[in-house]
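Since the structure is predicted, the reported quantities are computational estimates derived from the model, not experimental observations. Per chain, numbering begins at 1; letters A, B, ... match sequence-line order.
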Amino acid sequence: MAGEMDTVDSSIKTSPKRSQEDVNTVLKYAKLETSDVRPCVQTIFFSENLENDTVKLLELDATVLDALQAGDRVTLRGDKDDHAVLCTKNQTFDMKDAELSNSMLLLRHLDYGPDLPDSGPQEMRKREVFSVVHEYYELRPVKPKLRVLRQMLNENQYSGRECEEDDQHTGKKYTMSDFLNVVQASEEEIVAGLKRLKALEIEGKWRVLDFDFMSTVMSNIVHLAEERDWISTGVALHECLEVLQDLFLREVIIHVLKYYSIQTSDTNEDSDVYLFDEDKVCQFYAEVCLRNSGKFNLSEFLQVWDESVPMGMKTSLTQIQGMALVDRDSNPETISFFPADNLPEDVSGRFDYLFDTRKKWTLDEISPYVSDLTTPKMDVGALLTKYSRASVQNGIKVFSSRRTIS
Amino acid sequence: MVQIAVKIPNAEGTCKEWAMIELQGELETRHPVPLSGKLIGDLHFTHSDVPVLIIGHHILYGKVLQLEKPFAVLTKDFKHDEPMEQDHQQNATHRQTEYHVNAIIKKKILFKTRPKPIIANVPKKL
């Protein structure tokens, strides 16, 4: 191998003490004058106790270094397959083993040129290499893998307090620390994931609401709102709770109402009036129609959907992008339930799945199904360029699989 | 899942800074003997701060590099807490393991050039 070097010929006993004279002799053989170098030489020895196997090097990202120095929680999380991630409180990094053919010699003390006197009497400083390593861990920021979070939450969905003891609700319920033990993601990312999955904490356990149960709660809220004429002015929370708290847990009512309301910057915790978010409410009614019906005749669906939403609200197909797919090629045109959540998390798996579902997609159609895969460096357009093939069909740009059809 | 904390022990924001010398290839002796305690070489700095390393019969000129991403020097450590969950022995043992950041390495001296031979005959005295 290039660059292999001999230490001092081992047949000659290296004296543990090295004299200035030895150093000067070697300098002379190297055709260097003592005046060519600073008067202080550092003699480098291997330690008597080399710690080659106990020391690991971890290449640090600036954010990880800051977190460590601030004393923030930094954790390595390994899974069964021995794949480890490193998490700060708000970021997740993949850990990759990097190997070098170079030798990295580690020293506890070493002086650099500017630390050493420029002139003066010759001096020797003994330095010890305590470890020689050839590998280190690299960190690469990654999107957290939250799929397992959804699976855990789905083990025991909440269907109301009267159902808690029945046979369908014997699945495990989880706390935050359970998630931290299982999910390879940082705490803040888990909290954000729980929010996205519409989970709430009931009696110390994180739960998602069973859809049918949630529809019952939502229908009750909407009926009350229609009765009290709150649709345009907003739901008065305390009045709403007073009426419905005998039927449902207060935290469940608040959770559902908040989810379907407009989150304004001045909505504080104590706010009493919640104004419905029209798009979300219409989305909810579309899901009620589509969820259990497979394919639906599009024009029939549009009519049923429009009739089901509260008075004064307007439905539009843009509201349900990322939830349902319209098939314009079939006769009659149809719509089917196709939620963006629960799709494969890895990018190529996602695209395979999408192109298996439908051969050609327009930009508007596919965007909601891939937008969660974007990174600051790669937007939807860049993702499509990399993972799909663009073509023009009837004057409209469509995207299809890059794979050749066999 | 195994969860291992990584921390700077008694972190008050400051961490020792250690050093690294990176050499091309491997350090070997002519005969397979343990390296422990052996001399590697003499490290000089010229007046213009160029590091010069003389190893055995070779001379190397290097460079001091500021690392864009510093290294943390980790060692495994065992916390001597009482296991929290007696019934999950496996789990409890894992929980005790920690990685300690003993120091940060922010710069290295890199010797990437092929070493130049300097002496034809090693004087017996050395």
Side-chain donor-acceptor pairs of residues 187-197 of chain A under 3.5 Å, sequence neighbours excluded:
| from | atom 1 | to | atom 2 | distance (Å) |
| --- | --- | --- | --- | --- |
| A/Glu189 | OE1 | A/Thr92 | OG1 | 2.3 |
| A/Glu189 | OE1 | A/Ser186 | N | 3.0 |
| A/Glu189 | OE1 | A/Ser186 | OG | 2.7 |

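Summarising the local packing, NZ of A/Lys31 is surrounded by 12 or fewer heavy atoms from other residues, nucleotides or ligands at distances under 6.0 Å. Heavy-atom contacts from other residues, nucleotides or ligands closer than 6.0 Å to CZ of A/Arg125 number more than 12.
Of the atoms belonging to A/Ser35, it is backbone heavy atoms, and not side-chain ones, that fall under 4.5 Å from chain B. A/Thr54 touches chain B through its backbone: at least one of N, CA, C or O sits under 4.5 Å from a heavy atom, while the side chain does not.
Heavy-atom neighbours of chain A within the stretch residues 61-68 of chain B, taken at a separation under 4.5 angstrom, comprise B/Tyr61, B/Val64. Applying a 4.5 Å heavy-atom cutoff, the residues of residues 103-115 of chain A that approach chain B are A/Ser103, A/Met104, A/Leu105, A/Leu106, A/Leu107, A/Arg108, A/Leu110, A/Asp111, A/Tyr112, A/Gly113, A/Pro114.
Looking only at atom types and distance, the side chain of B/Gln24 has no donor-acceptor partner in the side chain of A/Asn102 under 3.5 Å away.
A distance of 7.5 Å separates CG in A/Leu57 from CG in B/Leu74, rounded to the nearest 0.5 Å. Going from atom OH of B/Tyr99 over to atom CG of A/Leu76 covers 7.0 Å, rounded to the nearest 0.5 Å. The NE2 atom of B/His47 sits 8.5 Å away from atom OG of A/Ser119, with the distance rounded to the nearest 0.5 Å.
Sorted by first and then second residue, the salt bridge (charged side-chain N to carboxylate O under 4.0 Å, His left out) pairs with a member in residues 55-67 of chain A read A/Asp61-B/Lys69; sequence neighbours excluded.
Closest heavy-atom contact between B/Leu43 and A/Val41: O-CG2, 3.5 Å. Contact record, A/Thr43 with B/Asp42: CG2-OD1, 3.5 Å, taken as the closest heavy-atom pair.
Per-residue counts of heavy-atom pairs under 4.5 Å with chain B were compared for A/Gln42, A/Arg77, A/Arg38, A/Gln184; the largest is that of A/Arg38. Most heavy-atom pairs under 4.5 Å with chain A: of the set B/Leu110, B/Val52, B/Val73, this distinction falls to B/Val73.
Between the side chain of B/Gln3 and the backbone N or O of A/Thr75, no donor-acceptor pair lies under 3.5 Å.
Screening A/Val64, A/Thr88, A/Leu68 for a side-chain contact (heavy atoms from CB on, under 4.5 Å) involving B/Val6 leaves a single residue, A/Leu68.
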